[in-house]
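So you know, we letter chains A, B, ... as the sequences are listed, proteins then strands, and number each from 1.
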Amino acid sequence: MSDAYDFLATYLPTSDELDATRVLEYREALSSLLAAVGFDVDCSPNSPFGDLLVSPWACARVADDMIGEKVLSDLNPQNAEDGTVYNCDFVTRFYANLGIYDGTAQAASGLIRLQFSSAARREIDGSTKFSIGGQQFQILLPAEGALILLGSDVEPEQDDKNIRRYTMFDTTSWVVDLLVTGLAGTVAAAGTIVAVDRSIEGLSGASLLVPLDTGTPPTSLQELARRLRTNFHTRSPVTRGGACNMVRQMFPSITLLGCTVSGDREMRRDIVNPAGVASGKIDLMVRSAELADDEVVVRLVRYAHDGGFRLRGWLDLPETPIRISAFGTSTVSYPHTIYSVSRAPTTKPGLSCAYGADERLLVDMDIPVDTEGESLVPLHAEEGETAAYFVCSYQYDPALALTQQYIQAEDNAYPGTDLYARWFVPAVISSLEVRYNRDTAVQVNLAQARSEILTAFNSHTLQTPAGPHVITDSAHYAGAHSVHSITLQGALRFTLADKVQTLGTSDPLSSVDPETAWEAFIAECVDAPTQSLTSVYEPELQYNETEEPFTFASAGERNVSWILDSSALKLVEHRAI
Amino acid sequence: MRSLTIEFGDDGAIRLLPEVVSGFHAVVQNSLVNLLVEKGSDSIYDERGTDLLAGVTSGAIRNFVSACHAGNFAAADTIFFCGENTVSSTEDRLNDLKLIPDLRQGLSFVASFVAADGRVLSQPISKL
């Protein structure tokens, strides 16, 4: 018999563990049974039969029961998670049968940025090794074969898979961000130089974009049990929990996960069903503890418009922007209008693609001029076009960037399921004023209260919603006597764009009769919806369109996440009492 | 209700004899065992046993009065416990028990067991 099933050593209770009450119950039950079947023997305590046979038998029977209970306990991951394990060896092997074992420690993962001197077609072999933090990492490719890098307007060849497109970084370089995975536990900071094990033509630099997700391998049965309980049901993107588990397993550092599926009121993609066949739609929302900053150059082209000229161009950024902090030069931000266009209008119409890879943003702006009408930005004549270059500073979420590439992998795709990674609909708080009362001679720890409120709001989930109770509790624990009032101003931002192309599919930047194309595009656009927020209560976080034209925007408890900047939070003393 | 016969040897040993005892005699036998079992030594029955032997071995029983006290408490405990836990016919139940100490040759008791129907059985408990 295997040591894993050594009941005597692992499960047999000691005499101290035997519950006297249960022994007594068994003893009396046996005595009654014997009497009932006509066994006329005195089984009472102090009798020879009772003391020498019935009592020991009752003890053995209870011990037998306790063995069974301990085995059942070991089969219940809840108990192991709570720290009660009787036979570690058995539990480890049991979990292994269910696919949970140390060997499945998550790989470390990260986002590397490759910088090239041109946007020429390149193929990078899938076996290419990238050295980060002294360990070898590999690209996580969606399909078999090499990684194909193409310019933004270049058509792929028929057999091309794993296509990634360059994004202009500045006027002389183009970048591609890639998800790489490697040995769990590897630590490296953002900006770490990445070494490549072979020569790639035109590669001018490679660096780590965000700190590595170390993968945090499980080291205890408690951790294994926790993973079993959360992951065993499914790790495939076929259910709400399964989709979340799949991503959480790969990227344990993700702090916030949300999921909407067909039938949820927040899910608008399931409305469209052009083929008459409904497929499961799953939107997966992810959020990191902090957004990362990036800055790239964007090329806009001059178009004739209404007797004058305007600058237009796609805002193709290396990563999906969550916030755009500046658009202009390094010192001046110019007024502009952003349009939201879906790359897949049939499956992700309107704003149902917002904050995801399939939302393409387009910038339209006047040519900035000085008081004498001279352009403030250099205009360049290039390839029959007149173009200008602007700097776009934006924030993106590393978790979203990782997830977007991870779910593209063939291994993670599930037939009949349309999985889309996107960011939460941000509930951006522009001002949150908390007026508190304090006891005389009591000093309120404002830094602590501020930190707790910021953390709560920026990690708001369905299970742990942020609200007035969080503010009140934080103020109270920081020393305040009470909260007098909470004043909030903010808005739900369904997209970064000002306008949305709804169900139309016209190309706004068509080279054939650009003015007519633009007018047709504008006719398909409507203003992006917004919803003001005036309180921290959840009902305001819901948005459902009821009238046409539909922008396919939606908000609810499953897909909204607060954004509260430190500068927007004000803690004001109301009075000392 | 039948039981095996117990012989309490002079050397302190308890022996099982291949003889059957029943009725009030079985009740008396159980009560004798209970008198000599140390209270608290049974993990199943908290109330089983008495402090009689503990009093003897600890030296708490120094004279006739203390022996009477110890005997009375042991008798009360035994009546209560055996009354609660002995399965016997109504007329065979232990109704009363008296322990009369005798300090003439060491410490000994004469136990008088009274059944519900009035029968009395006396049993010496000697060489304590």
Side-chain angles (χ1 to χ4, degrees), chain A residues 7-73 84 86-87, chain B residues 1-8 13-50 52-53 74-75 77-89 92-94 97 111 113 123:
Chain A
F7 283 82
L8 292 181
T10 54
Y11 290 119
L12 186 68
T14 63
S15 58
D16 292 340
E17 290 180 89
L18 287 178
D19 182 356
T21 306
R22 293 177 61 184
V23 175
L24 186 59
E25 287 174 0
Y26 267 108
R27 196 189 184 292
E28 292 177 346
L30 180 63
S31 299
S32 301
L33 178 66
L34 292 174
V37 299
F39 196 65
D40 186 28
V41 170
D42 186 2
C43 298
S44 59
N46 298 312
S47 69
F49 195 73
D51 285 356
L52 299 179
L53 199 63
V54 180
S55 289
W57 176 86
C59 288
R61 189 66 190 82
V62 170
D64 198 28
D65 273 10
M66 292 180 71
I67 288 174
E69 287 168 2
K70 288 180 177 180
V71 173
L72 290 176
S73 170
T84 303
Y86 295 101
N87 188 337
Chain B
M1 196 66 73
R2 298 174 299 164
S3 190
L4 288 173
T5 302
I6 297 174
E7 180 185 62
F8 299 90
I14 298 177
R15 300 183 184 88
L16 289 177
L17 303 179
E19 298 168 9
V20 173
V21 62
S22 61
F24 185 55
H25 287 85
V27 173
V28 169
Q29 181 171 277
N30 289 353
S31 302
L32 273 171
V33 172
N34 192 73
L35 282 171
L36 300 174
V37 168
E38 185 179 354
K39 195 164 194 174
S41 62
D42 191 324
S43 61
I44 305 174
Y45 295 97
D46 288 342
E47 299 297 325
R48 185 183 175 193
T50 69
L52 189 63
L53 280 182
D77 285 344
T78 299
I79 292 169
F80 175 77
F81 183 77
C82 291
E84 289 283 315
N85 294 285
T86 299
V87 181
S88 58
S89 58
D92 291 337
R93 297 184 76 82
L94 183 63
L97 168 60
F113 299 89
Q123 175 70 38

Q. Is it the backbone or the side chain of A/Asp19 that comes under 4.5 Å from a heavy atom of chain B, or both, or neither?
A. neither
Q | Spacing of CG belonging to A/Leu52 relative to CG belonging to B/Leu4, to within rounding of 0.5 Å | A | 9.0 Å
Q | Side chain / backbone / both / neither for A/Leu18 at chain B, heavy atoms under 4.5 Å | A | neither
Q) So how far is it from B/Glu84 CD to A/Ser44 OG, rounded to the nearest 0.5 Å? A) 12.5 Å
Q: Go through the atoms of B/Ile6 and report whether side chain, backbone, both or neither lie under 4.5 Å from a heavy atom of chain A.
A: side chain
Q. Out of B/Val33, B/Thr86, B/Asn85, B/Asn30, which residue meets the side chain to side chain contact (heavy atoms under 4.5 Å, CB included) rule with A/Ser47?
A. B/Asn30
Q. Do you know which of A/Asp51, A/Thr21, A/Val23 has the most heavy-atom pairs under 4.5 Å to chain B?
A. A/Asp51
Q. Heavy-atom distance under 4.5 Å to chain B: side chain of A/Arg27, backbone, both or neither?
A. side chain
**Q.** Flag side-chain contact, heavy atom, 4.5 Å: B/Tyr45 against A/Leu24
**A.** yes
